[in-house]
Amino acid sequence: MDTEDGNETLYIQNLNEKIKSQGKTHIEMKGFLYQLFSHYGTVLDVINQSQYRMRGQAFVIFDTKQEAENAMRLLQGYYFYGKSMKLSYAQHKSDIIAKRDGVYIERPSSYSTEKRLEFFNRLKLKNSIKHRSDLGTTNGTFGSNNILFLERLEGSVSEAFLGNIFGLYPGFKEVRLVSEKGVAFVEYYDNEEAAKALIGLNGFKVSPTCQLFITYAKRG
DNA sequence: AGCACA
């Protein structure tokens with residue numbers, strides 16, 4: 001979803017998993033791939049893991065999409081250590097590229113399903129912010145309160161999770177969840193920032209069955 | 001078949 005027109009990174013399948021040699025094959029393979037692909041551009045890294053799920057596959061990260069495109073065209077089906085390589089673009093940007101482009105989002109180290117969901121939602125959110133920013137969003141005229149009121153929250157929505165989402169909007173101060181009631185208060189440092197978060201996040205799906213319903217908190 | 005990055 002984050003790459004419509006190619007990718008700096010190529011995803012390689014059908015690599016020979018057992019090259020006859022002394023060392024660990026995936027480490028050797030990394031070097032072989034590096035050498036081969038370097039003929040077609042600057043290779044920033046080769047990722048080639050040994051776990052079962054990743055066997056026979058690798059990622060070759062080029063500096064530019066053009067280089068990757070070129071390499072893919074010229075090496076598609078290339079016979080390499082007895083097997084023909086299958087090349088395609090990686091589905092996602094590689095971390096090094098994302099960092100270079102200032103678009104990297106910290107990846108959780110332990111991959112519990114909750115963390116995964118959180119990470120995924122952050123990505124979706126990033127996209128929606130990008131799209132909405134074209135619409136001109138707010139101009140301060142409707143910053144009626146610096147505290148937002150969320151209701152109809154599911155029990156599975158945690159305070160930390162809300163913090164992650166609303167924290168992506170500048171000016172975020174804190175979130176207070178009243179989980180028994182399924183409501184929360186999200187506070188920003190000023191009205192305008194709160195308004196932007198409201199506009200950007202109202203209706204945002206936090207789970208398949210729950211979307212954010214946001215209004216301004218009543219003034220106390 | 002299988003899309004990772006510490």
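Just so we're on the same page: letters track the sequence lines, and every chain starts at 1. Quick caveat, the model's predicted, so the values are computed rather than measured.
The pair E67(A)-K65(A) does not count as a salt bridge, with every side-chain nitrogen at least 4.0 angstrom from each carboxylate oxygen. Salt bridge status for E8(A) with R100(A): present, with a side-chain N to carboxylate O gap under 4.0 Å.
Close to dA1(B), at under 4.0 Å from its OP1 or OP2, lies no side-chain N or O of Q13(A). Under 4.0 angstrom from either OP1 or OP2 of dC3(B) there lies no side-chain N or O belonging to R53(A).
Rounded to an integer number of Å, the gap from M85(A) CE to dG2(B) P is 19 Å. At whole-Å resolution of the value, NZ in K86(A) and P in dC3(B) are 11 Å apart. The distance from atom CD1 of I61(A) to atom P of dC3(B) is 16 Å, rounded to the nearest whole Å. In this entry the distance linking CG of D101(A) with P of dC5(B) reads 20 Å, nearest Å. Rounded to an integer number of Å, the gap from NZ of K30(A) to C1' of dC5(B) is 10 Å. As rounded to whole Å, 9 Å separates atom P of dA1(B) from atom CG of N14(A). Atom CG in L87(A) sits roughly 16 Å away from atom P in dC3(B) (whole-Å rounding). As a whole-Å value, the separation of Q51(A) CD from dA1(B) C1' is 16 Å.
The base of dA4(B) has none of its N or O atoms less than 3.5 Å from a complementary donor or acceptor on the side chain of T9(A).
Rounding to the nearest 0.5 angstrom, the gap separating the CD1 atom in I96(A) from the CG atom in D45(A) is 4.5 Å.
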Review point. Which is it for E174(A) and R176(A) under the salt bridge (charged side-chain N to carboxylate O under 4.0 Å, His left out) test, yes or no, and what are the steps along the way?
Key: CA-CA 7 Å; E174(A) 67 170 356; R176(A) 299 181 294 275; 2.6 Å; yes
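Judged by ring centres under 5.5 Å apart and planes tilted less than 30 degrees, F59(A) fails to stack against the six-membered base ring of dC3(B).
Where G56(A) and D95(A) meet DNA chain B, the nucleotide closest to each residue was compared, and G56(A) sits on the side nearer the 5' end.
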